[in-house]
Amino acid sequence: MADDCIFCKIIAGELPSERIDEDEDTVAFLDINPWTRGHSLVVPKRHSRNLLDIDDDDLRRTAVAAKRLAARLRERLGCDGVNLLNATEPAAWQSVFHFHLHVIPRYDDDPLQLPVRPQPIAQEELARLGEELRG
Ligand code: AMP
Ligand code: ZN
């Protein structure tokens, strides 16, 4: 448990949460500022800061728990789709520094929109990037 980590405190039961799922390694609870109805967070019980820090097994277990939760959101809330989201570091909007996956149920008529307008990239630039990143 990390000092001053609100998700560690939620896992330990020292802070309240609307817990909706749990297994040996993970906990899932409702987000208090939901983007849509049923927006939840899945966290590993063992503290890690984010995707760059998390142990591989904890990542696998958290992903599996998110899959289980997605199925439950579909079954119980009748969502039409699901977004999985992780924010790693403030540049990527991380605000709580205990690894978590957002499991966001999506509804055909919900108001969420992509916050960016993706633009095509030139073929040469794509190839340069590929070169930089391979291996
Ligand atoms: P992120 O910005 O990806 O780090 O997401 C952190 C999320 O945690 C936000 O969606 C917050 O609404 C949510 N959050 C913060 N505090 C709590 C809390 N005490 N219980 C449930 N969700 C929380
Ligand atoms: Zn923590």
Side-chain angles (χ1 to χ4, degrees):
M1 171 156 173
D3 290 343
D4 294 331
C5 172
I6 57 172
F7 287 177
C8 279
K9 292 198 168 93
I10 285 175
I11 292 160
E14 294 169 13
L15 280 179
S17 74
E18 201 57 47
R19 198 175 284 222
I20 53 175
D21 194 30
E22 176 166 10
D23 60 27
E24 207 176 319
D25 306 291
T26 70
V27 172
F29 51 91
L30 292 175
D31 194 303
I32 51 169
N33 298 298
W35 292 12
T36 62
R37 184 163 187 265
H39 180 168
S40 309
L41 302 171
V42 186
V43 301
K45 287 183 178 172
R46 191 185 354 202
H47 180 88
S48 59
R49 177 179 170 87
N50 57 35
L51 186 63
L52 296 171
D53 181 45
I54 189 169
D55 166 85
D56 284 354
D57 282 332
D58 276 340
L59 179 59
R60 283 188 198 98
R61 291 168 185 137
T62 307
V64 169
K67 177 184 174 185
R68 184 170 67 234
L69 185 56
R72 180 141 7 128
L73 291 165
R74 185 160 174 87
E75 183 193 313
R76 306 271 178 95
L77 301 185
C79 63
D80 301 299
V82 175
N83 282 120
L84 269 194
L85 175 75
N86 168 254
T88 286
E89 298 297 338
W93 305 330
Q94 186 175 10
S95 63
V96 176
F97 295 91
H98 178 124
F99 180 85
H100 50 282
L101 291 176
H102 295 256
V103 183
I104 306 171
R106 299 299 309 276
Y107 304 90
D108 288 339
D109 59 353
D110 76 42
L112 296 195
Q113 304 223 336
L114 265 185
V116 292
R117 202 181 284 270
Q119 300 292 328
I121 183 173
Q123 184 55 45
E124 312 80 67
E125 178 59 7
L126 202 64
R128 251 198 311 276
L129 262 175
E131 196 58 39
E132 206 172 329
L133 291 172
R134 260 186 293 280

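For the single chain, residues carry numbers from 1 onward in sequence order. Counting starts at 1 for both ligands and their atoms, in listed order.
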What protein heavy atom lies closest to atom 12 (O) of ligand 1? Include the residue and the distance to one decimal. D31 OD1, 2.6 Å
Does L30 reach ligand 1, in the sense of a heavy atom lying below 4.0 Å from it? yes
Electrostatic pair R49:E89 at N-O distance under 4.0 angstrom: yes
How far is atom 19 (N) of ligand 1 from its nearest protein heavy atom, and which residue and atom name does that atom have? I10 CD1, 3.7 Å
Within-shell test, W35 vs ligand 1, heavy atom, strictly < 4.0 Å: no
2.8 Å cut-off (strict), protein N, O or S atoms about the Zn ion (ligand 2): 4
Joint cluster assignment, V43 & W35, ILVMFWY side-chain distance < 4.5 Å: no
Of all the non-hydrogen atoms in the protein, which one sits nearest to atom 23 (C) of ligand 1, and at what distance? I32 CG1, 3.5 Å
Please state which protein non-hydrogen atom is closest to atom 16 (N) of ligand 1 and give its distance, to 0.1 Å? I6 CD1, 3.4 Å
Of the choices A87, A92, S95, which has the non-hydrogen atom that lies closest to atom 4 (O) of ligand 1? S95
Is the gap between the ring centers of H98 and H100 under 6.0 Å? no
Identify, for atom 1 (P) of ligand 1, the protein heavy atom at the shortest distance, and state residue, atom and that distance. H100 NE2, 3.2 Å
Only heavy atoms count here, so choose which of K9, H102, H39 is nearest to atom 3 (O) of ligand 1. H102
